[in-house]
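The structure appears below as structure tokens.
Each chain gets a letter, A, B and so on, in the order the sequences are listed, and its residues count up from 1. Note: hydrogens, waters and symmetry copies are ignored here, and every other heavy atom, side chains too, is used.
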Amino acid sequence: MDALTDEELLVLLKRGREDAFATLYDRHRRGLFLFLSRMCQSRPLAEEMLQDVLFKVARSAASYEPRGRFKPWLYRIATNHCLNVLASRAQRSCRQTVPLAALETAGDAERLLSGPPGESEAQGRVEAGEVRAAVRTALAGLDPRHRSALLLRELERMSIQEIAQTLDLPQGTVKTYIHRGREKLRRRLIASEVTDERGAVR
Amino acid sequence: MIDCGVFRALLWARADGELEEDVAGRLRKHLAVCAACRAEQSRIDEIRQALGEGPDDEPPGPWVLERVKARLAAVPAAATGDVLSPEELAAMLKVPVEEIYERLDELPAFEFAGRVRFSKRSIERWIGAQEDRWRSQVLSAAARPGRS
Ligand SMILES: [Zn+2]
């Protein structure tokens with residue numbers, strides 16, 4: 001089993017071989033779970049989505065065309081599911097007027113960004129925990145489509161072409177999404193450096 | 001400092017491993033003398049690290065796979081195989097199995113060892129054709145003038 005490619009395993013799964021499913025799961029569970037966690041920023045929700053995605057993978061195996069590569073196919077299922085879940089949750093929370101806490105701080109980031117970034121190395125030494133919080137906050141503020149493109153690049157190291165295939169978007173659009181996403185994360189990080197420095201001065 | 005803008009644009013490309021060696025060499029030299037670009041570089045590293053796997057991101061254990069298998073077992077086997085029986089096709093199309101037998105001449109069926117079977121792929125293609133037909137019917141009905 002271990003010597004087989006993902007694509008070969010999926011063909012076996014298509015023929016009803018359950019052990020092929022387990023091997024595919026072992027290979028991709030880390031990456032897939034991380035992707036889902038970063039997409040929705042909630043572990044319980046990510047665990048739920050992981051099950052849904054696996055279920056869909058097994059159910060869609062029959063329609064898999066062996067010409068395509070497995071990973072874009074897998075992440076296409078994962079991304080579509082994620083976007084659907086996030087959209088329906090956003091709709092629900094809109095009606096209940098519960099704003100995403102993350103979005104409030106995203107506005108601060110823009111406001112704090114006044115001076116030119118990165119003038120000295122002394123500035124910008126931020127605690128690792130703060131950095132993570134800042135980056136994740138900015139990530140939560142991204143449009144889910146931009147977020148998915150960025151995460152496929154950053155976590156799965158997919159090529160632009162593979163991401164375009166996965167998300168069913170033109171390559172130019174994928175590049176724009178990734179660029180914008182990175183820029184927002186970067187700005188949020190700079191903003192946290194500025195606040196950190198102000199705190200230190202006081 | 002004049003080149004900083006150019007070098008900053010290259011930092012992400014380098015992080016993506018997409019920089020040609022001679023350009024990467026020039027970038028390295030610039031980083032050695034430019035603190036501002038080094039700060040930019042460390043931001044990229046920090047972003048990478050913050051996005052990547054942390055201690056809280058350990059994937060859930062084998063129970064996930066067990067649950068998924070249980071869910072799969074709870075639905076008819078229709079979607080997991082390449083070949084469907086009339087019962088499985090009925091489950092897939094969500095119609096009584098009698099309907100399948102009644103419309104055998106419309107469906108892409110084949111017989112093997114005296115049993116009627118369907119190829120999942122042919123069925124999917126057939127559904128695609130039905131969708132096209134339905135769509136063109138709806139469209140032509142919508143285009144017809146004088147329907148108020
Ligand atoms: Zn520089």
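No more than 12 heavy-atom neighbours from other residues, nucleotides or ligands sit within 6.0 angstrom of CG on D2(A). The number of heavy atoms from other shown groups lying within 6.0 Å of CD (E99(B)) is above 12. Summarising the local packing, CH2 of W63(B) is surrounded by more than 12 heavy atoms from other residues, nucleotides or ligands at distances under 6.0 Å. At most 12 heavy atoms of other shown residues, nucleotides or ligands fall within 6.0 angstrom of atom CD in E20(B).
A salt bridge is defined here as a Lys NZ or Arg NE, NH1 or NH2 lying under 4.0 Å from an Asp or Glu carboxylate O, and R38(A) with D57(B) meets this definition. With respect to the salt-bridge test (charged N to carboxylate O, under 4.0 angstrom), the residues E18(B) and R153(A) qualify.
In terms of heavy-atom pairs under 4.5 angstrom with chain B, the leader among L151(A), L139(A), D52(A) is D52(A). Between chain B and the options H179(A), R43(A), R29(A), R132(A), heavy-atom pairs under 4.5 Å are most frequent for R43(A). Between chain A and the options A50(B), P62(B), A15(B), the largest number of non-hydrogen pairs under 4.5 Å is found for A50(B). No other option in E124(B), R48(B), R67(B) has as many heavy-atom pairs under 4.5 Å with chain A as R48(B).
For L185(A), the parts sitting under 4.5 Å from any heavy atom of chain B are the backbone and the side chain alike. Neither the backbone nor the side chain of A133(A) comes within less than 4.5 Å of any heavy atom in chain B. Both the backbone and the side chain of D16(B) have a heavy atom closer than 4.5 Å to some heavy atom of chain A.
A58(A) and L72(B) get closest at one heavy-atom pair: CB-CD1, 3.5 Å.
Results of the side chain to side chain contact (heavy atoms under 4.5 Å, CB included) test with V131(A) over R43(B), Q49(B), E46(B) single out E46(B) as the only residue that passes.
Taken from CG in D26(A) to CG in L65(B), the straight-line distance is 7.5 Å, to the nearest 0.5 Å. Between the CH2 atom in W12(B) and the CZ atom in R186(A) there is a gap of 10.0 Å [rounded to 0.5 Å]. Note: R182(A) CZ to I44(B) CD1 = 7.5 Å, rounded to the nearest 0.5 Å. Atom OH of residue Y25(A) and atom NZ of residue K69(B) lie 10.5 Å apart, to the nearest 0.5 angstrom.
Between F33(A) and V64(B), the closest side-chain pair of non-hydrogen atoms is not below 4.5 Å.
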